[in-house]
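Notes for the one structure printed next.
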2 protein chains.
Amino acid sequence: MEGASGQRPLGVAVLGHGTVGAEVVNIIREDALDLQERIGAPLELRGVAVRDASSDRGIPAELLTTDAEALVRRDDVDLVVELIGGIELPRTLVRAALDAGKSVVTANKALLAAYTGELAEAAESHNADLYFEAAVAGAIPVIRPLTQSLAGDRVDRVMGIVNGTTNYILSAMDESGADYETTLAEAGRLGYAEADPTADVEGFDAAAKAAILASIAFHTRVTASDVYREGMSSITAADLTSARALNCTIKLLAICERISGPDGRDRVSARVYPALVPREHPLATVAGAFNAVVVEAQAAGRLMFYGQGAGGAPTASAVMGDLVMAARNRVQGGRGPRESKYAKLEIAPMSDIVTRYYVNLQVADRAGVLSAVAAEFATRGVSISAVRQEGAGDGARLVVLTHRATDRALADTVAALENLESVTAVTSVLRLEGSAE
Amino acid sequence: MEGASGQRPLGVAVLGHGTVGAEVVNIIREDALDLQERIGAPLELRGVAVRDASSDRGIPAELLTTDAEALVRRDDVDLVVELIGGIELPRTLVRAALDAGKSVVTANKALLAAYTGELAEAAESHNADLYFEAAVAGAIPVIRPLTQSLAGDRVDRVMGIVNGTTNYILSAMDESGADYETTLAEAGRLGYAEADPTADVEGFDAAAKAAILASIAFHTRVTASDVYREGMSSITAADLTSARALNCTIKLLAICERISGPDGRDRVSARVYPALVPREHPLATVAGAFNAVVVEAQAAGRLMFYGQGAGGAPTASAVMGDLVMAARNRVQGGRGPRESKYAKLEIAPMSDIVTRYYVNLQVADRAGVLSAVAAEFATRGVSISAVRQEGAGDGARLVVLTHRATDRALADTVAALENLESVTAVTSVLRLEGSAE
């Protein structure tokens, strides 16, 4: 059948019919005429792979199938949209699609962060497109600006809030003064946190996104296992109070940085952790479930991208943009940007990373404590920017803010502090990111 | 000569060697190895067209030429970067380049806003690319997100601060309380305003950008002459004071909106004017010479893009991104997105636009004035949200804030107020944009 434009229709297979899949199917069906004009050929939905084809999903029953692999291999499927969870099943299906020369659009960050090399090579050798704008920061265009708009620039840093669940929790804790457990439970009730929130609160989701961002920003293959990761489940109401006193808030950040190695060669740092962020930093104002990514490039300077990082419709918007581009490439010939990994930069170990730190100590309330504590910092070359004593007696605490130092020097200092007789406990250690200094 | 990658080198001609041109030439020469890896072939600078080839510009003399037209037509030139001012000369050169099948990257918003149709058709019929990310908001990726990332979504509104000079002036007036003339003079001294600031302060520059944004957001050809335009040179310190009292600031906005016409068909509104913006709106916090664009789309929700909208290096970053993409297309085959004008929406007249208004009146200080003034609003269906009296006696003023109404109803009301015996003068009328209501 020929479309109105005279072009052969392009067949689309959608794998998964959850929140995002349902929106994608909906847009393909509702906006068919607009999509056809933008692509130059009609898009035709060939099938939707689901686990259970018996439930009513508001789409014609003949489109539903439980055999995703057969759907992907159909001759009349040109484009595959992968929106199922997990890693191994989507890996098999995406490989099958690419090996059959079909272009793939996926929102699966975990898959990409683990197997981007394998998938990119499959796409390359079968001359297919592999697009994944929706894998990082939902509707916010981040992948395309990094791979295309900044293709002639030199990116130095990508720093973002890329997980809505943790940002919702941290924003709510900052506003209400409530503790982590209470706020997490509330987030679950409101639909902002999943029943098992581990991937979000322990930073696995953000780490997968950091791997993807670092790969494309620095033209180097970075996988999730290369990303240093700390979760935010240990952040307390007291940490947020201390942060406020320092005119900061706390955000779970994904940071990808180009840093200079000891041999003068650039290295890549990719890391995820909760950090103090000064209130005047653009990321500090990103509240609730919103996402934002700040990119610093040599010619462009600092750019910020802000919007909805999750949810069915916003993620579907990103998927549909990719789908239209992959479809256009089929009609016009040509391909989207390929994997760029030529720089092959080494991954810097966390111990070499230089940043600032906030250290909260429970101490004995007596003369000489500050001097003993300060000496441990000084011995390891960690310069103190500010110290404040809070409380008195058994509740006496010292809040120390440092200047820039290596993670190694700070870790050594903390180990020494823990052995100091006048220090009862090192209550928390957090990094401070995004300060002007 | 074959490049290291085995691919034939791609020849680049740069037209213009001002602030941006010099940065572009610099990046092409300094980052040659990175660019080659990203493109898949070396870029080779064939020539730089300048008005005066005698001055020392730090580039080899044999690259300089005053014959731009001959440079553009050279057989060994594949890509042309147009960075000269004006409209007619660049139009001739860009046409010549496209007609010769060369891809073109331009930052020239005035050219595009006047002749986008002609140029897009030339690109189309010669299978060349025409990229122009740098024409709107400098380094901030806006064109690519709209044409590609949101290609599967439905954009409802694009609202931005796209002129750094006027934003610098309005931010400074808001901070200092100084008047327009003083602030403009200061902006000129600091290099934020040109010797002849007309294109900036009268909104011509922003209107050209609005035309480009509206065209791509709504798949409709919109030229600069379709854009309703008011400059900001009449904004007074008193306006900013009144705005502050309403918890607003004043920004020169470019607004592109999809609105529903009387026949139910969508129409496009593209307009530029200074407007009150509530302090809590993301655009209110964009200070100094920075630019920001807010895009509202049906699936994506609200997105914001923020960064440096002008300057040599930021603009060069956008130009280089386009250049790398156009060069990649030459190497890989295929083309970038073409002009999309299928929707052919009509342009809505300004009188049909619905927004809120701030009206500042000088009035006689006596009983019954407010009632007479309110009656004029009510008669024309313009509902008042708030009224405040300022001053007394000869200096008595009424500041009226309305609910949403058509521009026609507001204009009629203002005309009637001017004829009202108790109104000495209508001091200023500004629109209020971006309020939640």
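Each chain gets a letter, A, B and so on, in the order its sequence line appears, and its residues count up from 1.
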Between A:Ala299, A:Gly334, A:Ala313, the one whose heavy-atom pairs under 4.5 Å with chain B are most numerous: A:Ala299

Region of B:Leu35 in contact with chain A, defined by heavy-atom distances below 4.5 Å: side chain

Suppose we count any N or O donor within 3.5 Å of an acceptor, strictly below that value; which pairs fall between chain B and chain A?
unit_1   : atom_1 : unit_2   : atom_2 : d
B:Asp34  : OD1    : A:Tyr342 : OH     : 2.4
B:Arg38  : NE     : A:His219 : NE2    : 3.2
B:Arg38  : NE     : A:Tyr342 : OH     : 2.9
B:Arg38  : NH1    : A:Ala151 : O      : 2.9
B:Arg38  : NH1    : A:Asp153 : O      : 2.7
B:Arg38  : NH2    : A:Tyr342 : OH     : 3.3
B:Arg144 : NE     : A:Gln148 : OE1    : 3.3
B:Arg144 : NH1    : A:Ser149 : OG     : 3.3
B:Gln148 : OE1    : A:Arg144 : NE     : 3.3
B:Ser149 : OG     : A:Arg144 : NH1    : 3.3
B:Ala151 : O      : A:Arg38  : NH1    : 2.9
B:Asp153 : O      : A:Arg38  : NH1    : 2.7
B:Asp153 : OD2    : A:Ser317 : OG     : 2.7
B:His219 : NE2    : A:Arg38  : NE     : 3.2
B:Met304 : N      : A:Tyr306 : O      : 2.8
B:Met304 : O      : A:Tyr306 : N      : 2.9
B:Tyr306 : N      : A:Met304 : O      : 2.9
B:Tyr306 : O      : A:Met304 : N      : 2.8
B:Ser317 : OG     : A:Asp153 : OD2    : 2.7
B:Tyr342 : OH     : A:Asp34  : OD1    : 2.4
B:Tyr342 : OH     : A:Arg38  : NE     : 2.9
B:Tyr342 : OH     : A:Arg38  : NH2    : 3.3

Contacting region of A:Ile140 [heavy-atom separation from chain B under 4.5 Å]: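 Both backbone and side chain of A:Ile140 come within 4.5 Å of chain B.
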
Interchain contact, A:Pro337 with chain B, by part (heavy-atom threshold 4.5 Å): both

Set of side chain to side chain contact (heavy atoms under 4.5 Å, CB included) partners for B:Ala327, sequence neighbours left out: B:Leu10, B:Ile39, B:Leu43, B:Leu79

Flag side-chain contact, heavy atom, 4.5 Å: A:Pro141 against B:Phe305: yes

Give me the atom names and distance for the closest heavy-atom approach of [X] to [Y].
{"X": "B:Gly307", "Y": "A:Leu303", "result": "CA-CD2, 4.0 Å"}
{"X": "A:Ile27", "Y": "B:Gly152", "result": "CG2-O, 3.7 Å"}
{"X": "B:Val324", "Y": "A:Ala151", "result": "CG1-CB, 3.6 Å"}

